[in-house]
2 protein chains.
Amino acid sequence: MDLSFFSAKITAGLAQLNYGEQPQALYEPIRYIMALGGKRIRPLLTLLGAHVFTDELDPVLRPALGVEVFHNFTLLHDDIMDQAPLRRGQPTVHEKWNANVAILSGDVMLVRAYELFFDVPAPLLPTVLRRFSQTAAEVCEGQQWDMNFETETQVSIAQYLDMIRLKTAVLLGFALELGALLGGASAQDADHLRQFGTDIGLAFQLRDDLLDVFGDAATFGKRVGGDIVSDKKTFLLLTAQAQASPAQQAVLARHIGQPVPDAEAKVQAVRAIYDELNIRPQTEARINDYFQDALHHLERVAAPADRREPLRQLALELLERQK
Amino acid sequence: MDLSFFSAKITAGLAQLNYGEQPQALYEPIRYIMALGGKRIRPLLTLLGAHVFTDELDPVLRPALGVEVFHNFTLLHDDIMDQAPLRRGQPTVHEKWNANVAILSGDVMLVRAYELFFDVPAPLLPTVLRRFSQTAAEVCEGQQWDMNFETETQVSIAQYLDMIRLKTAVLLGFALELGALLGGASAQDADHLRQFGTDIGLAFQLRDDLLDVFGDAATFGKRVGGDIVSDKKTFLLLTAQAQASPAQQAVLARHIGQPVPDAEAKVQAVRAIYDELNIRPQTEARINDYFQDALHHLERVAAPADRREPLRQLALELLERQK
């Protein structure tokens, strides 16, 4: 079955959501950020996770949209914290309105996300809500670690991987687990799909790190090298710092954490070190490891191969993307 | 039964809550704001609401604490929006840490508040969660109206009363409704207790407005006249503006919304107009109206008078308070 069948369901479902009307300053920003678009990967994973076990997708739609509303809530609040001016090429909510409006609209978005789960069958409701809440708290933990790392001098690769697991991967894992549970999966299968999603999430974030440095400026959509310019402690930088010779350490130290008179020169210099240390193939190998782990979990799900195929396809698309 | 019996349960329950450990910057602010204290009125209302119908209060405790955690979440985020330096005489979270920490700690507090409701009996879970979510959204709406009113020139008394209903009263109403539902009340009795709580909440907020102007500085705890100095559109000011003669309008217009060279003179001048217009007795009459409405709902609850007595006592204490 074509992925566009599932995507169409999500688009139609989102168009029907009613977040509230008055006061407008509270609810208009929610409609605004939800209308900015995005790949809607998370609700897609929920529908595909359910589709492994059932053709009855209508009862899965609202919870799937709950994951998407929650995700956009985190973007809204993260953008305040990161003082980001743009989101998907448009002004962020705190820029278009103000920080207070962004805080409060985000708060009510989190409430609306919860509400989208309340229709799940009564026997599943406590489990779904507990798992969603645990995931939501973990996403907040990931964001706090990410902010902490900005000012910490020593961040290990393991700490970085744990941060992206919390900030990004666990929500993809939950999206799949949710679909599995609602589709009637066994606890074991739901857990395999959760781990599939988490591994895909880790691979996806490392791919993002890689594209930021080695992506094609024409297709990437963001400025290539942005992570290097902002001294972001990514998997690439942390790996380079761990493997650099004293001479390479010195080059890195001259550029990272220093005022940038020439951003392009900084990107070139750091990328040269990455090339010397084979950071790109090392990162690609790590991405592939996570992808293989993900497939391993998918294969262990007790369902016919053709029911699992759309998930394998989506994972492949996500990791082969050029933007 | 003495109210201290219920208060002790709440204090003990709060001491046992575990919000999370790592990262500390996420969870320490939650412990900090929860430890600042306060009257714990909302969980007390939940326990007393349940106690009208049952002696089995242990299953009611965690949801009651959920209401208190939610209330403190709103204080945490409101303090950022209001740029408040102090909360209960101590630095606010965004002052002691920073705004980002305050946003994110608040977010995870809202998640933890939800989690405290998940243990309620399965047949009640959807209703409790829907009503909590509706109330939570209404509290956000009230805060947004309150912020809107700061810059709006025309605010009616009806709009003001609706704002305080949303921002303050509905949560007291929900606290009681929750207790009633968990105590096994009929839908009708739960609704009477909800309306009792909402009316008490409105009376409570008007009492707050009154104390801000006419309270005894020694016992009030806050600076008397603060609302006048900050041009806050309270019930008192809006009533005075609605009833003032042209001459009194002119005096008000000279002080309200103007730069304040002498705060004490401003307070004196506005208070003099309040005295001329009998604003104090008018406000007291309105408070008493709400109190009588509240008692009317309490009396219609199908339970022995002695089971309702602690609620009547608490309401009386709240409205006779001098601070």
Side-chain angles (χ1 to χ4, degrees), chain A residues 19-27 70 73-74 77-78 80-83 98-120 122-123 125-130 132-149 162-163 166, chain B residues 19-27 70 73-74 77-78 80-83 98-120 122-123 125-130 132-149 162-163 166:
Chain A
Y19 305 101
E21 294 300 331
Q22 291 287 337
Q24 282 201 9
L26 186 63
Y27 291 114
F70 172 78
F73 146 73
T74 66
H77 273 192
D78 285 3
I80 312 171
M81 297 182 233
D82 301 342
Q83 301 183 287
N98 57 57
N100 284 358
V101 161
I103 292 171
L104 203 58
S105 295
D107 291 346
V108 86
M109 263 182 108
L110 178 51
V111 172
R112 295 299 183 226
Y114 267 103
E115 287 181 321
L116 288 164
F117 293 102
F118 297 162
D119 288 322
V120 310
L125 186 58
T127 302
V128 163
L129 289 172
R130 276 182 221 280
F132 172 61
S133 297
Q134 184 188 346
T135 304
E138 287 175 348
V139 172
C140 293
E141 291 171 7
Q143 169 69 2
Q144 185 64 54
W145 286 124
D146 198 13
M147 293 195 295
N148 285 357
F149 290 173
D162 198 50
M163 183 275 284
L166 292 166
Chain B
Y19 304 101
E21 294 300 330
Q22 290 288 334
Q24 282 201 8
L26 186 63
Y27 291 114
F70 172 77
F73 146 74
T74 66
H77 273 191
D78 285 3
I80 311 172
M81 298 182 231
D82 301 342
Q83 301 184 286
N98 57 58
N100 285 359
V101 160
I103 292 170
L104 203 58
S105 295
D107 291 347
V108 85
M109 261 182 109
L110 177 51
V111 172
R112 295 298 182 225
Y114 267 103
E115 287 181 320
L116 288 164
F117 293 102
F118 297 162
D119 288 321
V120 311
L125 187 58
T127 302
V128 163
L129 289 172
R130 277 183 220 280
F132 172 62
S133 296
Q134 184 188 345
T135 305
E138 288 176 347
V139 172
C140 293
E141 291 172 6
Q143 169 68 4
Q144 186 64 54
W145 287 122
D146 197 14
M147 292 195 295
N148 285 357
F149 291 173
D162 199 49
M163 183 276 283
L166 292 166

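Just so we're on the same page: letters track the sequence lines, and every chain starts at 1.
Note on B/Ala137, B/Pro23, B/Ala99: by heavy-atom pairs under 4.5 Å with chain A, the leading option is B/Pro23. Annotation: maximal heavy-atom pairing with chain B below 4.5 Å, among A/Asp78, A/Ile80, A/Leu104, occurs at A/Leu104. Contact count against chain B (heavy-atom pairs under 4.5 Å) is highest for A/Trp145 among A/Trp145, A/Phe132, A/Phe73.
Looking at B/Val111, B/Ile103, B/Leu26, B/Leu110 one by one, the single match for side-chain contact (heavy atoms from CB on, under 4.5 Å) with A/Cys140 turns out to be B/Leu26.
Sorted by first and then second residue, the side chain to side chain donor-acceptor pair (under 3.5 Å) pairs with a member in residues 106-116 of chain A read A/Tyr27-A/Arg112, A/Asp107-B/His77, A/Arg112-A/Glu115, A/Tyr114-A/Ser133; sequence neighbours excluded.
Both the backbone and the side chain of A/Leu129 come within contact range of chain B, each with at least one heavy atom under 4.5 Å from a heavy atom of that chain. Interface residue A/Ala25: backbone and side-chain heavy atoms are both found under 4.5 Å from chain B.
Residues that satisfy the salt bridge (Lys or Arg N to Asp or Glu O under 4.0 Å) test with A/Asp82, not counting sequence neighbours, are absent from this structure.
The local environment of CD in A/Gln134 is crowded, with over 12 non-hydrogen atoms from other residues, nucleotides or ligands closer than 6.0 Å.
The line from CE of A/Met81 to CE of A/Met147 is 5.5 Å long, rounded to the nearest 0.5 Å.
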